[in-house]
Amino acid sequence: MTNKQITIIEPNAAGLARKGAEIFSRAAKESVDKRGRFAVAISGGSTPRSMHRMLGEEPFYSKTDIFWTDERCVPNNHPDSNFGAAKKDFLDRIPIPKGHIHPLQKGLSPEKGALWYQQKLIKFFQQKEHKFPLFDLIFLGIGTDGHTASLFPGQKALDEMERLVISVKGGDPYVSRITMTFPVLNHAKRIIFMVSGKNKADIVKTIFEFPKARLPAQRIQSLNGTLTWLLDNESASMLSKEHLHEKY
Ligand code: 6PG
């Protein structure tokens, strides 16, 4: 299995969302054709929302299971809930069986919630030969501090190599969170970073051009497939030419 890295730069946020939705649909159709199902993990924050709103009502949803890379420990109807946002943006609209939607938040304590979700992943992926779940597709964002999912700089969560899901505290909003760990994220067949806007240009440059920074987002390394950076002109605006990989 190759581990390839690709950079795609779209002219603007709308183009980025369209490309993201296109990649989502293509990966879904391919996975359902090949494996009879599509297991995807989506991230939170503001960047993926316009992509989620563009996702169409497609037949592959009957064989699709949606998980989250991370969640803030707030009620599902709270404005900071990643599940709540996705529900508004597309989950209430698409033809997906209710049992195929797997929110993280169950009103348990963060640590119990993390263990509960870990069990859910183990059961869903019936892991035998593979120690870690093999998602077909994972979407990630990055923060201006280089965090991804809810894996924040300087936290011991970054060194977790056994657990699939852990609880942490951090980020904006600064709350308890539940997050998938690097081994789970890095075993996905397709990993897509979606990054938009001028305020991310600096951190994108650091991630691409200063590997020694060892930021959480730099520890996303595809072990089983492809890692795609989906940027817009603004977030890619500080990248120097030689650091651009294959460009579509
Ligand atoms: C979260 C996210 C987080 C997000 C980045 C970027 O729940 O906070 O999963 O990792 O992707 O913070 O957020 P924005 O897209 O809002 O800039």
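Both counts, for ligands and for their atoms, begin at 1 and track the order of listing.
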task: Please lay out, stage by stage, how Leu215 and Ile203 fare under the test side-chain contact (heavy atoms from CB on, under 4.5 Å).
output: CA-CA 10 Å; Leu215 293 166; Ile203 195 67; 3.6 Å; yes
Output block, N or O contacts of ligand 1, threshold 3.5 Å exclusive:
{"residue": "ligand 1", "atom": "7 (O)", "partner": "Asp70", "partner atom": "OD2", "Å": "3.0"}
{"residue": "ligand 1", "atom": "7 (O)", "partner": "Arg72", "partner atom": "NE", "Å": "2.9"}
{"residue": "ligand 1", "atom": "7 (O)", "partner": "Asn82", "partner atom": "ND2", "Å": "2.9"}
{"residue": "ligand 1", "atom": "8 (O)", "partner": "Arg72", "partner atom": "NE", "Å": "3.4"}
{"residue": "ligand 1", "atom": "8 (O)", "partner": "Arg72", "partner atom": "NH2", "Å": "2.8"}
{"residue": "ligand 1", "atom": "8 (O)", "partner": "Arg177", "partner atom": "NH1", "Å": "3.3"}
{"residue": "ligand 1", "atom": "9 (O)", "partner": "Gly44", "partner atom": "N", "Å": "3.3"}
{"residue": "ligand 1", "atom": "9 (O)", "partner": "Asp70", "partner atom": "OD1", "Å": "2.8"}
{"residue": "ligand 1", "atom": "9 (O)", "partner": "Asp70", "partner atom": "OD2", "Å": "2.9"}
{"residue": "ligand 1", "atom": "10 (O)", "partner": "His147", "partner atom": "NE2", "Å": "3.4"}
{"residue": "ligand 1", "atom": "10 (O)", "partner": "Ala149", "partner atom": "N", "Å": "3.3"}
{"residue": "ligand 1", "atom": "10 (O)", "partner": "Ala149", "partner atom": "O", "Å": "2.6"}
{"residue": "ligand 1", "atom": "12 (O)", "partner": "His147", "partner atom": "NE2", "Å": "2.8"}
{"residue": "ligand 1", "atom": "15 (O)", "partner": "Ser46", "partner atom": "N", "Å": "3.3"}
{"residue": "ligand 1", "atom": "15 (O)", "partner": "Thr47", "partner atom": "N", "Å": "2.9"}
{"residue": "ligand 1", "atom": "15 (O)", "partner": "Thr47", "partner atom": "OG1", "Å": "2.6"}
{"residue": "ligand 1", "atom": "16 (O)", "partner": "Ser46", "partner atom": "N", "Å": "2.8"}
{"residue": "ligand 1", "atom": "16 (O)", "partner": "Ser46", "partner atom": "OG", "Å": "2.7"}
{"residue": "ligand 1", "atom": "17 (O)", "partner": "Lys200", "partner atom": "NZ", "Å": "2.6"}

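- Cluster partners of Phe210 are absent, since no Ile, Leu, Val, Met, Phe, Trp or Tyr has side-chain heavy atoms less than 4.5 Å from it.
- A cation-pi arrangement, defined by a distance under 6.0 Å to the six-membered ring centre and an angle within 45 degrees of its axis, is present between Arg37 and Phe124.
- Not a single ring-ring contact (aromatic ring centres under 6.0 Å, His included) links His78 to another residue, sequence neighbours left out.
- Grouping Ile, Leu, Val, Met, Phe, Trp and Tyr by side-chain contacts under 4.5 Å, direct or through others, leaves Met238 on its own.
- Between Phe125 and Phe132, the distance separating the two ring centers is not shorter than 6.0 angstrom.
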